[in-house]
Student: 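Sharing a structure here in structure tokens format.
Both backbone and side-chain heavy atoms feed into the values below; hydrogens, waters and symmetry mates do not.
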Amino acid sequence: MVSFNMLSSLVRAFFALWALLLCVINIANAVMAFDKKKYLFGSIGTILFLPIYFFWQVMFDYVLYESGGSLNVVSNAMVNLDWIYWLLIFVVLTVFTVILLVYNVHYERNNLTVNSIKLYLDQVDCGVCCYKENGRVMFTNMTMNQLCIKLTGTQLLNGNQFYEATKDQILSIGEERWRFSSRDISIGNEHMREIIATNVTSEYLKTQQLEKDKLELSKINQELQNYNLSIDEVVRHQEILQAKINIHDEMNRLMLSTVATDSDDISNLDKIFAFWQENASLLSMEAEENKQEVMSHKIEELARALKIRLVWKDESVTILSEEERNIFYVAAQEAIANASKHAKADRMIISIVKVDGHIECRFINNGELPDKEITFTGGLSNLEKLIKKQGASIRVSSDKQFVLSLIFLNKK
């Protein structure tokens, strides 16, 4: 039988190192288990630590004994045991220690723990911070701590001070935009305040682009209005010029005919006078027709400018009275402008029909349907007021297509 104290110094040193490693591992096992609130496995780690530390202390006492010191009874009995018993005990303790270590590592990787939550929150793109009313920080992830350093130049140590620096605002940090929002929360019996930081850089850039597009759209709208006014002016001058030409030609013809007629020929004079009356009536009718042609031309020009194809259906606009036609043309301009601006339409059907004692003018576009309730604002509001003064009504529907209806009552 070879006792432990008869082994060489190198072998005893190996056992001492073995014992020291097992002590460290079991301390780590106990701490990991207690941290996960696994008190049973934490106790097992503590129990395994005690015998290993005892054997390490025995070896330490024997080293002191070899240097001239004394050896107590327990240590003397242990070093006189066969070294095989020491080996078996160390193997058994090592097996249990390794099993406990494997369990702790497996539990950490496959279960939700405080460490796994902290690891996850350190990897998310948003900042998270929880602190008590006195400012004591209970939790913060790496993103929030880095934001605090960039904003204040110091670590996130006081929640109240950090809240004063952010105050639920959108702040520029470097080349990025961060939105800070806070709320009161309760965890168990603890009342705390939570601050969340969200990166809104992409949304901010899109908002800026939207503002630019809005300005460009307003500019285009103003240009269209100016173009519309210029069309009115050109058409008006053209109408006046054409009326002057027609009047001039007719007057010249009638004057020549009158001069060429014998003053004694009463029948011819009566015919010439009848021509004068007829031409006066025709000039009056032509002026009215020119007015309607001008308004129709104006509608067509506006549609072409906005790249909308007009399709006229059913009855002609001539079934409307003069006042109704004026309202009709105003409504048509507003419907075409709104179809281009809001619905992005490229086609509009204009239908005039007689329905149950009244005339209904429908403006149907093939654009996008509105995603909210339609309210009469801007041009539609003014149109509604004008229509009510004339005893008519207006309505809209957007089931499958957007339809603006203009209804003139008491028509038979």
Student: For Ile350, enumerate each residue passing the side chain to side chain contact (heavy atoms under 4.5 Å, CB included) test, keeping only those at least two apart in sequence or located in another chain.
Tutor: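 With sequence neighbours excluded, Ile350 shows a side chain to side chain contact (heavy atoms under 4.5 Å, CB included) to Leu310, Trp312, Phe328, Met348, Phe363, given in chain and number order.
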Student: Can you list the residues that meet the ring-ring contact (aromatic ring centres under 6.0 Å, His included) rule with Phe96, with sequence neighbours excluded?
Tutor: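 Once residues adjacent in sequence are excluded, Phe96 has no partner under the ring-ring contact (aromatic ring centres under 6.0 Å, His included) criterion.
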Student: Just list the side-chain donor-acceptor pairs under 3.5 Å for residues 209-220, sequence neighbours left out, or say none.
Tutor:
from	atom 1	to	atom 2	distance (Å)
Gln209	NE2	Asp213	OD1	3.2
Ser218	OG	Lys214	O	3.0

Student: For Glu190, check salt bridge (Lys or Arg N to Asp or Glu O under 4.0 Å) against everything at least two apart and list the hits.
Tutor: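 By the salt bridge (Lys or Arg N to Asp or Glu O under 4.0 Å) rule, Glu190 matches Lys132.
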Student: Counting only heavy atoms not in Glu323, do more than 12 fall under 6.0 Å of its CD?
Tutor: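 Open: at most 12 neighbouring heavy atoms sit under 6.0 Å from CD of Glu323.
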Student: Just jot down the side chain to side chain donor-acceptor pair (under 3.5 Å) partners of Glu66, sequence neighbours excluded, or say none.
Tutor: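 Only Arg12 meet the side chain to side chain donor-acceptor pair (under 3.5 Å) criterion with Glu66.
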Student: Just jot down the side chain to side chain donor-acceptor pair (under 3.5 Å) partners of Ser172, sequence neighbours excluded, or say none.
Tutor: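 Per chain and number, Ser172 pairs via side chain to side chain donor-acceptor pair (under 3.5 Å) with Arg177.
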Student: Could you work out, with ring-ring contact (aromatic ring centres under 6.0 Å, His included) as the rule, every residue matching Phe4, not counting sequence neighbours?
Tutor: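 If we apply the ring-ring contact (aromatic ring centres under 6.0 Å, His included) test to Phe4, skipping adjacent residues, the hits are Phe15, Trp86.
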Student: Suppose we screen for side chain to side chain contact (heavy atoms under 4.5 Å, CB included). Which residues come up paired with Asp399, at least two apart in sequence or across chains?
Tutor: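 Partners of Asp399 under the side chain to side chain contact (heavy atoms under 4.5 Å, CB included) test: none.
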Student: If the condition is side chain to side chain contact (heavy atoms under 4.5 Å, CB included), which residues does Ala30 pass it with, not counting sequence neighbours?
Tutor: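 Counting only residues at least two positions away or on another chain, Ala30 forms a side chain to side chain contact (heavy atoms under 4.5 Å, CB included) with Phe34, Thr46.
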Student: Which residues pass the side chain to side chain donor-acceptor pair (under 3.5 Å) test with Ser181, not counting sequence neighbours?
Tutor: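 None.
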Student: Who are the side chain to side chain donor-acceptor pair (under 3.5 Å) partners of Asn365, not counting sequence neighbours?
Tutor: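 Applying side chain to side chain donor-acceptor pair (under 3.5 Å) to Asn365 gives none.
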Student: Can you name the side chain to side chain contact (heavy atoms under 4.5 Å, CB included) partners of Ile407, sequence neighbours left out?
Tutor: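 In terms of side chain to side chain contact (heavy atoms under 4.5 Å, CB included), with neighbours along the sequence ignored, Ile407 is linked to His358, Glu360, Ser393, Arg395, Leu409.
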